[in-house]
Amino acid sequence: MALLEIRNLNVHYGAIHALQGINVTVEQGKIVTLLGANGAGKSTTLRAISGLLRQVKGDILYQGRSLFGRPPHDIVRDGIAQVPEGRGIFPDLSVLENLNLGAYIRSDKKGIEEDRERALTLFPRIRERLQQKAGTLSGGEQQMLATARALLARPKLLLLDEPSLGLAPQIVLTIFRIIREINETGTTILLVEQNAHMALQAAHYAYVLECGRITMHDDAKALAESDAVKKAYLGG
Amino acid sequence: MSVLLDINSISLSFGGLKALSDFNLLMNKGDLQGLIGPNGAGKTTCFNVLTGVYAPQAGEMRLDGKLLNGMCCNQITRAGLARTFQNIRLFGNLTVLDNVLVASRTQIRHTMFGTVLRSMGHLREERALHAEAMTLLEVFDLAHLAHETSRNLPYGSQRRLEIARALATRPKILLLDEPAAGMNPQEKKLLAELILSVREKFHVTILLIEHDMCLVMSICERITVLDHGVTIAQGTPQEIQCDPKVIEAYLGKPMESEAI
Amino acid sequence: MVALLRGFYPYAIAILIAFVMYKVMPVGAEKIDLGILQINSFFTKVTGAIGIAIIMAVSLNIVNGYTGQFSLGHAGFMAIGAYTSAWITHYGSIHFFGNANAMEGLFTKGSALFVASLLAAGLVSALFGYLVGLPSLRLRGDYLAIVTLGFGEILRALLNQTQPVLDEFDIEEATRGEIFTGLGGALGFSGVPKYSNLFWVWSVAIITVIICYRLKQSIHGKAFLSIRENEIAAEAMGVPTTHYKVAAFAIAAFFAGVGGALFAHTLGNIVSPNEMNYQRSIDFVIMVVLGGMGSISGSVIAAVALTILPESLREFSEYRMIVYAILLIVFMIVRPDGIFGIREFWEVKWIRRLFRRTPKETHAP
Amino acid sequence: MSAAVRRITVAAAMVAGLAVATMAAHAADDTIKIGHYASKTGPEATFGQSSDKGVKMAIDEANNAGGVLGKKLELITYDTQGKSAEASNAVTRLINNDHVVALLGEVASSLSLAGGEIAQANGIPMITHASTNPKVTQGRDMVFRVCFIDPFQGYAVAKFATDNLKAKKIAILYDQGQAYSVGLRKDFSKAVKQLGGTITTEQSYTGGDQDFSAQLTTIREGQPDAIFIPGYYTDVGNIALQVRKLGITVPLLGTDGWDSAKLKEIAGDALKDCYYSNHYTPEDPRPELQAFIKKFKELHNGETPDAMAVLAYDGANVLLDAMKRANTTEPKALAKAIGETKGFKGVTGTITLDENRNAKKPAVILQMKDGEWRYAASIAPPADEK
Amino acid sequence: MIKLVQTLLSSISVGSLYALIALGYTMVYGTLKFINFAHASIFMLGAWFSAIIAAALLANGVTGIPAIVLSILIVMVICTTLGFVIERLAYRPLRDAPRLNVLITAIGVALLIENVAALNDVKIPGTQTTIHGFGTQPGKMPELLANADLFSIPLGSGTVVVDKVDALILGLSICLMIVLEFIIYNTRLGAAMRAASHDARTAALMGIPVDRTISITFIIGTSLAAAAGFLYVMKYPSINPPVAVTWGLLGLKAFVAAVVGGIGNVRGAVVGGLLIGILEQAGAAYLSPHFRDVYVFALLIFVLLVRPTGIFGSTAVEKV
């Protein structure tokens, strides 16, 4: 059984028909990527999954149960953590506080401690700055913090929204390496990316979104080799 | 061909983040140029600098030889530079016609006293601007909706109304910020035609931010590509499409496999 | 020339209507017997109060409704107008006519002085409106509300400190400073000549409505409204928003000042600092909110209803504010734009349906 | 435009209809109507409620005795909420809708000013029972009062302080937002200076203030022999408590605004050996007063009437007395008769109206002793005072 | 000298009360972004309920410290419950509405509370039930602390008096502020509150129940108002009637304190409150008592024009 199954999802923003009946299946233990140009509806899909959108039609099944009508904080409890676009760190809170917020839903102190250690081992640069205000971190560090924070929820499914956005290539490399590592520990990942090359190298299989519709769906390798993705992005 | 808009090494940074560095753009009268780049590349920031929302920290902007630096938004608009918004910003509770009339305020000379007394100037100008606004709506196929509350319009019409409204300020240059966002291919096609016809009918110069490459490639004469606030390419659509730097910016660099 | 006349002709009608009202409505012991209803001078007094409420509510609508700012200091402007005009007519009457007694009738020798005082009241108030409006360039929403409120409170404290009103006997030996600050202090400005009557009140009220309506229908007016709808877009469409926002304050303050002046010269009204407090401002805000932010006819209807209802339900005065409060809350949740929203009542769809009118568009000009 | 005008006209007509439906006037009948306006709600509600009790008692008594001029009396009372605009509306309504022959009311001077203006303009006589500001009756030959005026009250307290208490240095703390208080402060300080005393400082507060420490600290610096506080009881309670807290032990002097059972309840011991001037004292042994108090207590669960109730009772009786003497309810004649009131035996004392339509009456000074207000002295009006 | 010391003492006592009220404003503004005009009304209710409860306790023989502790707790519970109801019925439906609408609602709620509280005994027609409001008469807080003087120091020509109530106000205010500071900066809940106030959407993605967190913030603010109401009537036993302008004015001044300190900032509210207390007391003592309110509002206008973010506030940029 797929961990997450999106069936005929439709989203309207006022007059915009942002998602027009998409179907996505995320298999347990895989990295799935959702590609597409800006405004194609990638972030909308993630928001629909995490319960931030209200005007939604279709169905989203998680472990066989529908996620519809449940508040976001409840969905997090079920093991779906999201790293929002633009990182969504809380700049006035310290780095440590940001991290702890990730474990908000948990109360096993020891487990949290361990997970924090593990996350900090993944992102050693964060460890040096635990007491700093999160707003003073660089973009790359903020992305790392956001990812580490999401891990503290001990998610079964991790939703990543454009982790490479606005970051220098070197840092993007690091981030994607860590994404693979996270996946290897058993966490399923749904990755939304603009950076198609990176995403396709990291992912097992991919969907391509164009104007609110899934236009392609294939093995990551196959897509990486085809010209279709480039076309979807650059037209022509 | 005379230079209409001359942007000379504009820079802007927020805190430590360089949103726009050393940005240059030349536009001749009648040009239709595109400004593209991945998310967060600084395109909208560029529009915001041009329209006076942010003040650039370095560089000069000239419209028709007139320095735009230091002007506030409404002065720049009155100087001849109008824009639309990425997220539609109509005057939702006003009618379609009223939305256009607000923009045509740049043309009126009579004061509020004239309005209150219904002076000759008031009557003449209001009448003329009403007529003009209706003509404009006609062009955008909105005339039959003139008295509809703009909030209730379908999405595509709202987008068109934004352009019509911007044109009512009688701009020399029209800045379109993602006009096709959220449109379906059919609508996009119509939009492309509309943009071209607007340029013909209203003799405006157009700068277009757009994510839909098909649209940009098909109608723009020149394209500027931004990434991380830096101009990485400038040229014709064909040149841009083949530019490896552009492809890299959009699709990312292929990773060295040992990095993983 | 003809066009010019056309511009004036609604004002002429307004003055005519007011004149007829003045002539017809009884004063003193007279009354009109209409069978079930006897119209007497109490009716006349309430009609006058309605006129002033209309002036206040419609003018406040320019700030709170048109431009979407939030002023809680309208009673302050009213007070400024009231004091300015009272000062002019009181001391003016002593100076010109030797005493400050009330003058009956429409066109007495004091009327010119009264009209001048109305204008002065409006202008002084507008000046203050301009000054209070200046912070609106930097502040919005609730901060602005607090500043306007603070302005009203400062004004109240200052007015409380003024000297007693001087009469024709005191004035001989008074210094200039004493005359200038002779505004009555806490007791209020009493003994103001009672020039105000239905003619003046309703002339001003109808003219205020016409001016505000014309403004709203004009392109200038749409510029006001655009600020409320979306300030950033308004600015981008070339609307000098700062100019319009301050102008809104000044215009609203002008009419509030004139309204205050009419209030001060009405028989039986005492202008005192403590009665011009923010609770009175809130009364006007309630009228604007319930009638519809931006709807002139809405404000007019609310002003009329909220002036008559407490009179007819005097026994239930304890519950008046409770009902208003509940209405405010319920409206904000269910119908946040007030009864008519931004529209005039004849433009509202459900009203049109009610009257089964053919939906003919009438658009000015 | 014309369409808009037409619509506005329609709207106006609708509204007028609403007004018509809600404000139908009372039909006339064969009773004598007397109007009373009082602040039954609002910040000064005790005044209105007490007045109401006094007036009602007087009218009921007259009706039980067979009415006046062969007709029954009808009392119509409207609430003013303590606002002048409401007061003027109430008075206009009483006169024009209810056709009262005379008006009784208000306590607060600013409200009596507003009401008096309308009574004067309509030629209906009005008796205020407790407004002490001189302006209320000034230049209005239809407005009368049955209490003393502020200049006298200020004089009375000053006289008592300098003569009886031998206080030479007196500080003043007044309510800058109340005309009553501002007026008394002026009259008092004038009288003290005339009587050879000095005013150490004049401090102010605003009604409703709760903290007076800054003013009291300043007052303490001047080391006065007494502090004059011409305020309402609502504020005096806190002031008294804070005075004592700051270690000031001198007596506090007050005026009739102190007259409320609440004050004693709130301030308690802090008021020990403090004084205030009043219109009457329940200790006064005169039989008419004691009879009134007895009856009042019977009617209102043993409540001792305060000055407002007693004065209101007197005011109403002065009016009824004048009505009998005039033998008509015609306003002019009635007003003349009221103006001629001489030696009327009221429960607050003998009432004689002077040429300024003010009552000339002695003031009573009360002292807080053993937790009760006791009679301390009576100050007669000075002979030479106008 | 003695005047200076006395003025300073009363400034601190008044200022800490302002600070306590300001904390409520600042918390609500921080998370919900509107001026909770009803805060002053809750404060008023706290004051009135304190008097009633204290009287009831005294009548049942509870005195001294236990009476103080008990009544403050009961008052906080009552007001908190009320705050919860208000938030649920009036404010929560407006979570996504424009701020101006919420502001108007808040004014409505304030008017409602004041005027219902001001009702005298009202018989509900058709039933035997009577609603007892607080009426329009001033109330009286019974004395819970006998022998109010804590100590007095002779100084120069007179004595400086410090009484127990002032000490209690200062002590309790400091305690509450420390507790609040602890909750906000050192607990999970506090982190959630700060997160929700900064970005509700992302906070929800952390598994924070945003609605509930905002309600809790609101309720904490309300309970602070109740505590402030209690301390207030301890200091000023004569309680103004519910409709008196005083309450609103007091609330406004406390809000000014919050703005001056930097809205949304706990320490700012405390500093602002003390500043307003000093300004008001010193102004009244050394300049002129006539213009006490003027000083405060003039300071507000000055601060808003010169540094709209207040002393501790940080700037926020509006996005286009």
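Every chain is numbered from 1 and lettered A, B, ... according to where its sequence line falls, protein lines coming before strand lines.
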Practice task
Measure the spacing between OG1 of B/T115 and NZ of C/K216 and express it to the nearest 0.5 Å.
Solution key: 15.0 Å
Problem - Any pair counted as ring-ring contact (aromatic ring centres under 6.0 Å, His included), so long as it reaches residues 88-111 of chain B, sequence neighbours left out - result: B/H110-B/H122, B/H110-C/H220
Handout entry: Derivation and outcome, side chain to side chain donor-acceptor pair (under 3.5 Å), residues C/Y244 and B/R105
Key = CA-CA 12 Å; C/Y244 275 95; B/R105 199 209 70 90; 2.9 Å; yes
Handout entry: C/R343 vs B/T149 side-chain heavy atoms within contact, under 4.5 Å
Key = yes
Handout entry: Candidates B/E126, B/E125, B/Q107 - the one meeting side-chain contact (heavy atoms from CB on, under 4.5 Å) with C/I219
Key = B/E126
Problem - B/L101, part contacting chain C, at a heavy-atom distance under 4.5 Å - result: both
Fill in the blank from the handout: Among B/L90, B/T51, B/V102, B/N99, the residue with the most heavy-atom pairs under 4.5 Å to chain C is B/V102
Problem - Sequence neighbours excluded, every pair satisfying side-chain hydrogen bond (donor to acceptor under 3.5 Å, both in side chains) that has a member inside residues 51-60 of chain C - result: C/S59-C/H74
Practice task
Indicate yes or no: at least one non-hydrogen side-chain atom of C/I232 is less than 4.5 angstrom from one of B/F85.
Solution key: yes
Practice task
Please indicate whether C/Y11 has more than 12 foreign heavy atoms, meaning atoms of other residues, nucleotides or ligands, lying under 6.0 Å from its OH.
Solution key: yes
Handout entry: CA sep, side-chain torsions, deciding dist, call: B/T106, C/V239, side chain to side chain contact (heavy atoms under 4.5 Å, CB included)
Key = CA-CA 7 Å; B/T106 48; C/V239 176; over 6 Å; no
Handout entry: Residue part contacting chain B, namely of C/T241, when any heavy atom lies under 4.5 Å
Key = backbone
Practice task
Could you tell me which portion of B/T84 (side chain, backbone, both or neither) has an atom closer than 4.5 angstrom to a non-hydrogen atom of chain C?
Solution key: neither
Handout entry: Polar side-chain atom of B/T169 near backbone of C/M237 as donor-acceptor pair, under 3.5 Å
Key = no
Exercise for the section: Sort by residue number and list every member of residues 61-76 of chain B having a non-hydrogen atom under 4.5 Å from chain C. Expected result: B/C72, B/C73, B/N74
Handout entry: Shortest non-hydrogen contact from C/A247 toward B/M112
Key = CB-CE, 4.1 Å
Exercise for the section: Search all heavy atoms of C/G238 against all heavy atoms of B/R78 and return the closest pair with its distance. Expected result: O-NE, 3.7 Å
Practice task
Supply the atom-to-atom distance C/E229 CD to B/S150 OG, rounded to the nearest 0.5 angstrom.
Solution key: 7.5 Å
Problem - Interface residue of largest heavy-atom contact number with chain B, from C/I251, C/T242, C/L215, under 4.5 Å - result: C/L215
Handout entry: side-chain hydrogen bond (donor to acceptor under 3.5 Å, both in side chains) against B/R151, all qualifying residues, sequence neighbours excluded
Key = B/N93
Practice task
Verify the neighbour count for atom CZ of C/F128: are there more than 12 heavy atoms of other residues, nucleotides or ligands below 6.0 Å?
Solution key: no
Exercise for the section: Quick one: pull up CG in B/L129 and OG in C/S218 and give me the separation to the nearest 0.5 Å. Expected result: 11.5 Å
